[in-house]
Number of protein chains: 2
Amino acid sequence: MPREIERKFLPKSDAWRSQVRQSRPMSQGYLASGGNVSVRVRIAGQEAWLNIKAGGFVASRPEYEYPIPLGEARELIALAEGPLVEKTRHFVEHGGMTWEVDEFHGDNSGLVVAELELDSEDAAFSRPPWLGVEVTELRRYYNVCLVTHPFRAWTDAERNP
Amino acid sequence: MPREIERKFLPKSDAWRSQVRQSRPMSQGYLASGGNVSVRVRIAGQEAWLNIKAGGFVASRPEYEYPIPLGEARELIALAEGPLVEKTRHFVEHGGMTWEVDEFHGDNSGLVVAELELDSEDAAFSRPPWLGVEVTELRRYYNVCLVTHPFRAWTDAERNP
């Protein structure tokens, strides 16, 4: 079973920006987000994918991803529930690993989340100096939750975990 | 936009059985079925697909279908909401067109629905002698609805439209 094992953190500074290797705009919409499974359409430049995740809001969960034609992705994303999640994904190198730093836009403007994919939940990794608090198990930081509860609507307490 | 244009009928006899060209067992489960969009996993023998339909319970609706690996389909179908829909699809020739006659099993045993894919909603077609009443716009006959309201639970009135 393909699994995504991913830990999420908030950057405590903007120092990651000086290590960006590449940046990519992404739009994503959810065809389904109820129950245990989310079905996502993602468009990144000229590429697009259908993605299915299960298992809730934890570091390790089953994930299935299928490339789909861009034209169909544009039609499918128009069927999404609620607003799209728009972000720029920055790829940031540190200690031989690639961090994905997502800088959100629109109703989620101001939110930045740094993610690291790992081979196991307890895999060792080198903490970059800009890395702040871990939010892996806080569901509001999951993209699927940003559709219904965008960063703009978060309380001060929610913004400072 | 790929569209499925399909009309659904009940057979008024079993005479279609003598014209079956091929039969195929199918299992399907729904990863999502709320709102306007359904996301279905179908396994038919050694083949599997992810399928997305939108637009409700009418003859013509957007449909997107992607083949996926059988092993992943088996894992995905295990994530489905509710019981699987199990059926045998019989391919029946009449008047140069292929009817798909779905004979359901399990909780939907006893239900048989004949479907015809068309190029347009008002395309002409030859009615086979075994063809009965049209049910295209009756939502209970849609596979996605058979998960939550299986044929076994239908009233006599529901069984005789």
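- Interface residue A:Pro2: backbone and side-chain heavy atoms are both found under 4.5 Å from chain B.
- By the 6.0 Å contact criterion, CZ on A:Arg24 is enclosed, its count of non-hydrogen atoms from other residues, nucleotides or ligands being greater than 12.
- Within a 6.0 Å radius of CZ in A:Arg139, other residues, nucleotides and ligands contribute 12 heavy atoms or fewer.
- Once rounded to the nearest 0.5 Å, the distance linking CG of B:Leu50 with OH of A:Tyr64 reads 11.5 Å.
- Only the side chain of B:Ile52 comes within contact range of chain A, with at least one heavy atom under 4.5 Å from a heavy atom of that chain.
- Side-chain contact between B:Pro67 and A:Tyr66: absent, with no pair of heavy atoms (C-beta onward) separated by less than 4.5 Å.
- A 6.0 Å sphere centred on CZ of A:Arg17 holds more than 12 heavy atoms belonging to other residues, nucleotides or ligands.
- The nearest pair of heavy atoms linking A:Leu79 to B:Asn36 is CD2-ND2, 4.5 Å.
- Around atom CG of A:Asp14, more than 12 heavy atoms belonging to other residues, nucleotides or ligands sit under 6.0 Å away.
- Enclosure of atom CG in B:Asp119 is not indicated, since only 12 or fewer non-hydrogen atoms of other residues, nucleotides or ligands lie within 6.0 angstrom.
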